[in-house]
Amino acid sequence: MIKKRVAVLISGRGSNMMALVEAAQAPDYPAEIALVVSNAPDAAGLGGARRAGIETAIVDHRAFGADREDFERALDAKLHAHRIELVCLAGFMRLLTPWFVTQWSGRLLNIHPSLLPLFKGLDTHRRAIEAGAERHGATVHFVVPEMDSGPIIVQDAVPIIAGDTEETLAARVLEVEHRIYPQALRLVAEGRVTLASAGHDALSR
Ligand code: GRF
């Protein structure tokens, strides 16, 4: 089989990236993790990627000052240089402009630690607990210009248990993330889910 060439973009720990790297080692997995790119030179995930034998690159957003699009053009050039076909954002903490998002429309995935469209943005675990939610979870979706709003590919839930702290809930959600991101990438790499066919925000169904 021809495996889709995938780049994973990280900014920190990279545990979701490592889950994708491990899943892609299966002979029948329809994608190979060909590149890991970080905007942060000190991202801990870079070590894990290198130890796994994955090519890594750093495109430091601070070198581009306020011009977000210059940063993204450098990022885009790096992806093309490595013949990348699909991009997975995994703990990537830069908001991408419409320029980049439209360049990669339908080929750009993100994982968000909530049951989108609930709790878009940051601090999702604390907000879910404070809201008295009974369930929380994670969502893999196609990226569109509006933050955390693209068509959903895979989503799964966990219970919020009395006494949960942000940390205990985040750990429970992270297990879901590490399971659903490889599932979602498989579906997209096999062409079984596309931007047009993916489920839209649950509330808009
Ligand atoms: C995870 O909670 C993920 O949902 C969010 O960033 C956090 C860190 O993920 N996008 P990772 O360990 O860097 O993959």
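Remember, it's 1-based here, ligands and their atoms both numbered in the order they're listed.
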Engineer: Can you tell me how far CZ of Arg172 sits from CD of Glu177, rounded to the nearest 0.5 angstrom?
Structural biologist: 13.0 Å

Engineer: Only heavy atoms of Gly91, strictly under 4.0 Å: list the atoms of ligand 1 that pass.
Structural biologist: 6 (O), 10 (N)

Engineer: Does a salt bridge link Arg186 with Glu190, judged by any charged N lying under 4.0 Å from a carboxylate O?
Structural biologist: yes

Engineer: Charged N to carboxylate O under 4.0 angstrom, Arg73 versus Glu69?
Structural biologist: yes

Engineer: Counting non-hydrogen protein atoms only, what is the nearest one to atom 13 (O) of ligand 1? Give residue, atom name and distance.
Structural biologist: Gly14 N, 2.9 Å

Engineer: Quick check for you: to the nearest 0.5 Å, what is the distance between Cys88 atom SG and Ile33 atom CD1?
Structural biologist: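 The CD1 atom of Ile33 is 6.0 Å from SG of Cys88, to the nearest 0.5 Å.
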
Engineer: Return the closest protein heavy atom for atom 11 (P) of ligand 1 as residue, atom name and distance.
Structural biologist: Ser15 N, 3.5 Å

Engineer: Report yes if His112 has an N/O atom closer than 3.5 Å to an N/O atom of ligand 1; otherwise report no.
Structural biologist: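 No - when backbone and side-chain N and O of His112 are compared with those of ligand 1, no distance drops under 3.5 Å.
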
Engineer: May I ask you to check whether over 12 heavy atoms, not counting those of Glu134, lie within 6.0 Å of atom CD?
Structural biologist: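 Check fails, neighbour count at 12 or below.
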
Engineer: Which residue and non-hydrogen atom of the protein lie closest to atom 2 (O) of ligand 1, and at what distance in Å?
Structural biologist: Glu177 OE2, 3.3 Å

Engineer: Give the atoms of ligand 1, by number and element, whose distance to some non-hydrogen atom of Arg13 is under 4.0 Å.
Structural biologist: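 Near Arg13, meaning under 4.0 Å from one of its heavy atoms, ligand 1 has 8 (C), 9 (O), 11 (P), 12 (O), 13 (O).
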
Engineer: Given 3.5 Å as the limit, does a donor-acceptor pair link the side chain of Ser149 with the main chain of Met147, or not?
Structural biologist: yes

Engineer: Could you list which atoms of ligand 1 come closer than 4.0 Å to a heavy atom of Ile111?
Structural biologist: 10 (N)

Engineer: May I ask you to check whether Met17 has an N/O atom sitting below 3.5 Å from an N/O atom of ligand 1?
Structural biologist: no

Engineer: What is the closest protein heavy atom to atom 14 (O) of ligand 1, and at what distance does it sit?
Structural biologist: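 Its nearest protein heavy-atom neighbour is Asn16 N, 2.8 Å.
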
Engineer: Mind telling me whether His61 and Phe71 have parallel, tilted or perpendicular rings, with 30° and 60° as the class edges?
Structural biologist: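 Because their plane-to-plane angle is over 60°, the rings of Phe71 and His61 count as perpendicular.
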
